[in-house]
Structure formats: C-alpha cells, structure tokens
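Reviewing the structure listed below.
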2 protein chains.
Amino acid sequence: MRENIKVLLVDDHTVVRAGFRMLLESQPFIGEIVDVERGEMACQEYSRFLPDVVVMDLSMPGIGGLETIRRLCQQNEDVIILVYSIHDEAIYVERALQAGAKGYVSKNSAAEVLATAVSVVAEGKKYIEAGLLPEVQDVRHNDTEQLHAVADALSPREFDVFCLLAKGLSAHDVAAELCLGYKTVANYNTQIKNKLNVSNAAELAHIAMRLGLIKTG
Amino acid sequence: MRENIKVLLVDDHTVVRAGFRMLLESQPFIGEIVDVERGEMACQEYSRFLPDVVVMDLSMPGIGGLETIRRLCQQNEDVIILVYSIHDEAIYVERALQAGAKGYVSKNSAAEVLATAVSVVAEGKKYIEAGLLPEVQDVRHNDTEQLHAVADALSPREFDVFCLLAKGLSAHDVAAELCLGYKTVANYNTQIKNKLNVSNAAELAHIAMRLGLIKTG
DNA sequence: AAACATTCAGGAAAAACTCCTATTTTATTT
DNA sequence: AAATAAAATAGGAGTTTTTCCTGAATGTTT
C-alpha cells in the first residue's frame, strides 16, 4: 500500500473540504493535503503541488467538475482523480470515468469507504463504489436527454398510456379514456415500467415531470 | 457571548458532518459536539444530549429536514435550530423559519459565517444570512398554504410515509426505511390517499412536487 | 414471403390494497 | 388524576391490481 499520499482536495463547500481533510488526516497513509475551492484553482495548484490523488466534487461553480477532470488529464495523463458526488445516477459515473476519473464514490458513503477509495486509486487501480457500477451498462435514466430515451423505448401506444398513468389516472381510467380493455392497459402498465426501469406510478410521474409533460405549477 | 455551546449536528453526508465538526471544534466557544445522520435520530438524540444548538441540513432522506424541525420544536419549544442548505431560494428559508428554525445559512458560506451563526443563535437571536432575508417577503404564499393543508391533514408519521411514497419508494421500501411492518405502511398508504383525496401513487407524487418536497432536477 | 414489431387481450398466480379490528403509547381535556 | 381522544403499529380476510405467459390480428420491413 502506498504511503504518504499527497492529496489535492477540490470542493466549493467549506464544510466539505474541512470534512474530507479531517477524514483523511486520520488515515496513516495520507501525507500532505492541499485544498482549493474551484476547478480553475485545481489546475494551477496541480502542477505546483503535484499530488498523488486529486479528490473532487462534480458539481462546482465555474468550469465545473467534468471540465476540470478533462483539463487535468490534458495537463498530465497520469493524473489520478477520485470523484465524489451527491449524484448516484449511473450517467454521472459514466461521464466522470469517460472524462478521465479513476474512481467514483457517493457523498453518502461512510468515512472508511472514502479513505479506502483514496488508497485504492493511489495504487493505480480503479475504485467505483459498489452499487454504482452495475447501473453503468443500464439505462440512461435521469438523463437530460431522457425525452429521447423514453420516446425510443416506448412504442406510440405505450407512450399514450404512459402519459395518462403518469398524470395520475388509474388503469381503469386509462382504459376508458383510450377505449381499451382493462387487461390491455394493465399489461401496458407493466411493460412501460419495465422499459423505463421503474417500479411504480410515482416514478412514472417523476419521469413525466422531468420531461416537462406535467406542469408543476 | 455563550461559552461551551453543545452542538447536535444532523446531516446524512459523512464528509459534511466531519467538516462541520472540524470547523466548530476550532472555535473557542464550542463545547461538546454530537452528530447523527438523520432527522429521526436527531429527535432521539436531542432529548438525551440536550444540545444548545441543533445544526442541520434541510435535505435528508427519511423524514427530511422540515419535518425534523417540526418534531424537535414539538419536543421542546425552546430548541434552537440552525439550518444550512444548498438551497438559497427564499421559499426554503421561509419554510424552515416557519417550521421553527432560528437561523439559516447557505452551504456555500465561509467557515467564519457558519461559526458566527452558531454563536448568534445560541444567544437566542436569529441569524439569517445576508442576501437571503430580503427575498423572504417575496415569497408566494400559495405553496406554503398547501404545505400546511397537507401537514394538517396528515399526522407526522403519515407525513413521513407520504414523502417516501411520493418519492417513488414501494410500501416495502418505506417499511424498511422507517423500520415498520409492511402492513403498517400499506395501511398508512390507504389512509394517506383517503385524506389527500387521491387514488394512486402518481397523484401523491404530483402533490409532493407542487409542495417542493421533490427535486425535479 | 418471412421475420418482426405493434396492438390488443385472456388466464392464473402473485402482490398490493382496502377495510376492519385491536393493542399500546402519547396528548389533551375535564 | 381520570377520562377521552388521537396516533402509531400491525394482523386477517377479501378484493383489486399487477405480473407473467400466451396468442391472435394487423402492419411494416427486408
């Protein structure tokens, strides 16, 4: 295991920088820690401090997390970046890794997980927190381009049913509305939830909302 | 100025708890600090630890921040709660204060601001970060009234279940989350839908959305 | 034409929901 | 302090919904 790992912390929230610092300082394998509050500063500080690992948040003002990853990678292709984020969604993990990150942990993780992740990526391995990776192959769920995903995944008739279910109609209501048998709608219901990878009507509503199909007021 | 202020930290993110702890520990006027990761735990811990100030995030899984404030206030009307949040929007500030919080600071604030806020509220004053207060009058009362309508109609526990169901959890998930039997949740589910006069989870989601209890992206 | 997707729906089993009842705890009122 | 009301919890039984499998009719693509 690597010793004396130099860490560059990048986060715009003071409390989070302080927190990470505290968690890391209690680990024996951690060396010097420098923290900065924006991606731009990270790029400058990187070439001066030459950390072994860069630990950063994805969502930051300024150039943001993803662009920071790209720039750091351009500066030095061997840079080791560990991303942590409130976003558990696969699409973020995917993008971060694509941009050049070597690890990804959720902000909800326990202290040990965060420390472990640092030590693992410092050794040159990848660290993607359990539960995040499996979804990567999966749906681009929660994507901004979800409208297309939905439109692609659902047949026209399924989409009709989806809209009504998401609006809050019962399967019987939908059947009446579309002049279909109840069983037909019930089966569509199941089918739609499978295709969109959700398990209940509330989640359908969420998707519809995100797609702007439902006006929130 | 108060000395030896006992603080109860409530946040679901390990790093944030650690960060706040670090920032506060460096202040001479801060005494013992206890941290918990959820609102439910805060309510329990409060009566045991009897902190001078409760410092908490608004957005948490489980019963969430607002409901936690209400419950703490009910437990002890003199409780001093300082809220910090990524949400700078006036509506959140207003709701938090209405629920019983004594202070509100943004998560982006500098370390000194956070520490100062704790010491100010500990003295029994209010502390609303500059820049947040002016907008408070600006709030539309519509949503807040609806929130009260829901909060009035539902008992606290029903409200907990409502939030989770509206978020898209199944009855089984909710049961696991709140450590209840499935049947209990199933029965609450029925009860909640009756009280809110809706007939399915999608409509619950709509209501939660309108109330701003669900972040749409 | 053959292969495939789409629309529609029935049957059977599994799961979820509803309604009723009941115990325990907590609050409120007299 | 006792009585009353409200809330939290959950079991049982019956009903409804969902799921999964299957299949026919229609249309479309290669």
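Chain identifiers are assigned alphabetically (A, B, ...) following the order of the sequence lines, protein sequences preceding nucleic acid strands; residue numbering begins at 1 within each chain.
- The distance between atom CZ of F162(B) and atom P of dA8(D), rounded to the nearest whole Å, is 15 Å.
- Rounded to an integer number of Å, the gap from F159(B) CZ to dA8(D) P is 13 Å.
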Residues 18-27 of chain B, side-chain donor-acceptor partners within the protein, below 3.5 Å, at least two apart:
unit_1: R21(B); atom_1: NE; unit_2: D35(B); atom_2: OD2; d: 3.3
unit_1: R21(B); atom_1: NH1; unit_2: E25(B); atom_2: OE2; d: 3.4
unit_1: R21(B); atom_1: NH2; unit_2: I33(B); atom_2: O; d: 3.2
unit_1: R21(B); atom_1: NH2; unit_2: D35(B); atom_2: OD2; d: 2.7
unit_1: S26(B); atom_1: OG; unit_2: L23(B); atom_2: O; d: 2.8

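- Taking atom CG of L178(A) as the reference point, atom P of dA9(C) lies 11 Å away to the nearest angstrom.
- Residue Y188(A) contributes atom OH, which lies 15 Å from atom C1' of dG10(C) at whole-angstrom precision.
- Side-chain nitrogen and oxygen atoms of T184(B) include none within less than 4.0 Å of the OP1 or OP2 phosphate oxygen of dA8(D).
- In this structure, the CD atom of E158(A) is 11 Å from the P atom of dC8(C), given to the nearest Å.
- H206(A) places no side-chain N or O within donor-acceptor distance of the main-chain N or O of A205(B), the cut-off being under 3.5 Å.
- Rounded to whole Å, atom P of dA8(D) lies 8 Å from atom CG of D160(B).
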For residues 184-191 of chain A, tabulate all N or O donor-acceptor pairs below 3.5 Å that involve a side-chain atom, not counting sequence neighbours.
unit_1: N187(A); atom_1: ND2; unit_2: K183(A); atom_2: O; d: 3.1
unit_1: T190(A); atom_1: OG1; unit_2: A186(A); atom_2: O; d: 3.3

Check: protein-nucleotides 13-20 of chain D nitrogen or oxygen pairs below 3.5 Å:
unit_1: dA13(D); atom_1: N6; unit_2: K183(B); atom_2: NZ; d: 3.1
unit_1: dT17(D); atom_1: OP2; unit_2: H172(A); atom_2: NE2; d: 2.8
unit_1: dT19(D); atom_1: OP2; unit_2: T190(A); atom_2: OG1; d: 2.8
unit_1: dT19(D); atom_1: OP2; unit_2: K193(A); atom_2: NZ; d: 3.2
unit_1: dT19(D); atom_1: O4; unit_2: K183(A); atom_2: NZ; d: 3.1
unit_1: dC20(D); atom_1: N4; unit_2: N187(A); atom_2: OD1; d: 2.6

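- Note: CZ (R157(B)) to P (dT25(C)) measures 16 Å, nearest angstrom.
- The separation between L180(A) atom CG and dG10(C) atom C1' is 15 Å, rounded to whole Å.
- Annotation: cation-pi geometry not satisfied between K102(A) and Y127(A) (NZ/CZ under 6.0 angstrom from ring centroid, within 45° of ring axis).
- The pair R38(B)-E177(B) meets the salt-bridge criterion, with a side-chain N (NZ, NE, NH1 or NH2) lying under 4.0 Å from an Asp/Glu carboxylate O.
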Original post:
Please walk me through it: do E123(B) and S119(B) pass side chain to side chain donor-acceptor pair (under 3.5 Å)?
Top reply: CA-CA 7 Å; E123(B) 287 181 308; S119(B) 81; 5.5 Å; no
